[in-house]
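Structure, as structure tokens:
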Number of protein chains: 2
Amino acid sequence: MQLFLSKFKNKIDQKGRVSIPSQFRSILFQDGSQKMFCYPSLDAEAIDAGGDSLSREIYALMDNLDPYSDEKDFLSTALFGLSEELRIDSDGRVIISDALIQHAQINDEVIFVGLGQKFQIWEPNRFSNYLQEAQKKVREQRLLLSKKNKGF
Amino acid sequence: MQLFLSKFKNKIDQKGRVSIPSQFRSILFQDGSQKMFCYPSLDAEAIDAGGDSLSREIYALMDNLDPYSDEKDFLSTALFGLSEELRIDSDGRVIISDALIQHAQINDEVIFVGLGQKFQIWEPNRFSNYLQEAQKKVREQRLLLSKKNKGF
DNA sequence: AAAAATACCATGATATCCCATAAATACCCA
DNA sequence: TGGGTATTTATGGGATATCATGGTATTTTT
């Protein structure tokens, strides 16, 4: 299976269009769909996105819930209500909806960040801040680890 | 199978007409019917709606209940008594009945919210309140989910 | 006849398609 | 290996189609 890797910075034009990085695009196209599935990230000011496999994963998750439970009502509102299947146009671009733009505080540039099974879309500055934080955490963790595991 | 996803805000005009979001409309039309099936949401101040598959589902649900039970009486009153099949006009609009308008406390704008198999129609402010609540609940429940669903 | 429902038409905004261009990348062959 | 050519890719713009929405006319209902 192909993974989403690396990161790419692209511009949003006046009509709101962004090119999906071609590497990512070709993965999305693999299952034949012309859509990019996406939704606001649960714990970051970013957009989570992926292809058919990601959306199927989420649909399956919903299917397992009791149809008439509060749990399902809340989840389906928060997930289905906020997720979108963006059409990929003939030039490989999408138009990100206002709601998602706002959630991720995006202006006229975005960074696509590969996360393996899915990828995220960030406002560039926010992403570099997030990355720094993450790296800091990793270093701290490593200090803890290195006491037990020399040479790592 | 096509699912109802995302949300759309539309206006109600002086004659009481609302456009069904075209994405939703095309799903409704798939089973050939020119109708939108709807009824007052059982546990929210909103309208539940969908196509033929939803109405069939509800019929099936009723069939499974003991014919002479209170449960069936109650449900058939709550659902069938108040459910309607709204004609979709040539421009893709419907007229929502007074009873449903009142149940959902709707004025001159509504939000259509995709929930997968069906969708809901909300008064915008009420929906944003409900959404906040739903997101809060989802975050609380999230630890449970993440153990089973990595990467989500 | 009055009121409601339905069909039909008009318009601005937006999305989609199609083409152009420049930069980046891949490709090829001496 | 290097240097040049072909392809791909990101991005912009104009033309076209679609959509939401308002309005008018016609039909149906009561």
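Proteins come first, then strands; the chains are lettered A, B, ... in the order of their sequence lines, and each starts at number 1. All of these numbers come straight from a predicted model, not from anything done at the bench.
For B:Lys35, the NZ atom is loosely surrounded, since the number of other residues' heavy atoms within 6.0 Å does not exceed 12.
Per the geometry, CD1 belonging to B:Ile95 stands 14 Å off P belonging to D:dG22, to the nearest Å. Atoms CD1 (A:Ile88) and C1' (D:dT11) sit 17 Å apart, rounded to a whole Å. The CD1-C1' distance, from A:Ile12 to D:dT11, rounds to 13 Å in whole Å. Rounded to an integer number of Å, the gap from B:Phe8 CZ to C:dA15 P is 11 Å. Taking atom CD1 on B:Ile20 and atom C1' on D:dT18, their separation rounds to 16 Å, with Å as the unit. In this structure, CZ of A:Arg17 is placed 14 Å from P of D:dA10, rounded to the nearest angstrom.
Counting only heavy atoms from C-beta on, B:Asp13 has its side chain closest to D:dG22 among D:dG22, D:dA10, D:dT21. The nucleotide whose nearest atom lies closest to any side-chain atom of B:Arg25 is, among C:dT16, C:dC8, D:dA20, D:dA20. Residue A:Lys11 places its side chain closer to D:dG12 than to any other of D:dT21, D:dG12, C:dC17. Nearest nucleotide to the B:Ser22 side chain, out of D:dG22, D:dA25, D:dA20: D:dA20.
A:Phe112 has its ring centre no less than 6.0 Å from the ring centre of A:Phe4. Note: B:Phe119 and A:Phe80 fail the aromatic proximity criterion, with ring centroids not under 6.0 Å apart.
Interface residues of residues 103-113 of chain B facing DNA chain D, ordered by number: none; criterion, heavy-atom separation under 4.0 Å.
No side-chain donor-acceptor contact under 3.5 Å links B:Gln23 and B:Ser6. When only modelled atom types and interatomic distance are considered, B:Ser19 and B:Asn10 share no side-chain donor-acceptor pair under 3.5 Å.
A:Gln14 has a side-chain polar atom (N or O) that falls below the 4.0 Å cut-off from OP1 or OP2 of D:dG13. Contact between the side-chain N/O atoms of A:Arg87 and the OP1/OP2 oxygens of C:dT16 is found at a separation under 4.0 Å. Between B:Arg93 and D:dA20, a side-chain N or O to OP1/OP2 separation shorter than 4.0 Å is absent.
Using a 4.5 Å heavy-atom cutoff, the side chains of A:Phe37 and A:Glu84 are not in contact. Side chains of B:Phe127 and A:Thr77 form a contact here, defined as non-hydrogen atoms less than 4.5 Å apart.
B:Glu45 has a carboxylate O that lies under 4.0 Å from a charged side-chain N of B:Arg126, or vice versa, which qualifies the two as a salt bridge. Taking the charged nitrogens against the carboxylate oxygens, B:Arg93 and B:Asp91 do have a contact shorter than 4.0 Å, which makes a salt bridge.
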message = For B:Ser41 and B:Gln120: C-alpha separation, side-chain torsions, deciding distance, then whether side-chain hydrogen bond (donor to acceptor under 3.5 Å, both in side chains) applies.
response = CA-CA 8 Å; B:Ser41 210; B:Gln120 287 183 327; 3.2 Å; yes

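Rounded to 10 degrees, the angle separating the terminal helix axes of the helix from C:dA1-D:dT30 to C:dA30-D:dT1, each built from five base pairs, is 40°.
Not a single donor-acceptor contact under 3.5 angstrom links the side-chain atoms of B:Asp89 to the base of C:dC8. The base of D:dT11 does not come close enough to the side chain of A:Lys15 for any donor and acceptor atom to sit less than 3.5 Å apart. Taking 3.5 Å as the limit, the base of C:dC18 and the side chain of A:Asp91 contain a donor-acceptor pair of atoms between them.
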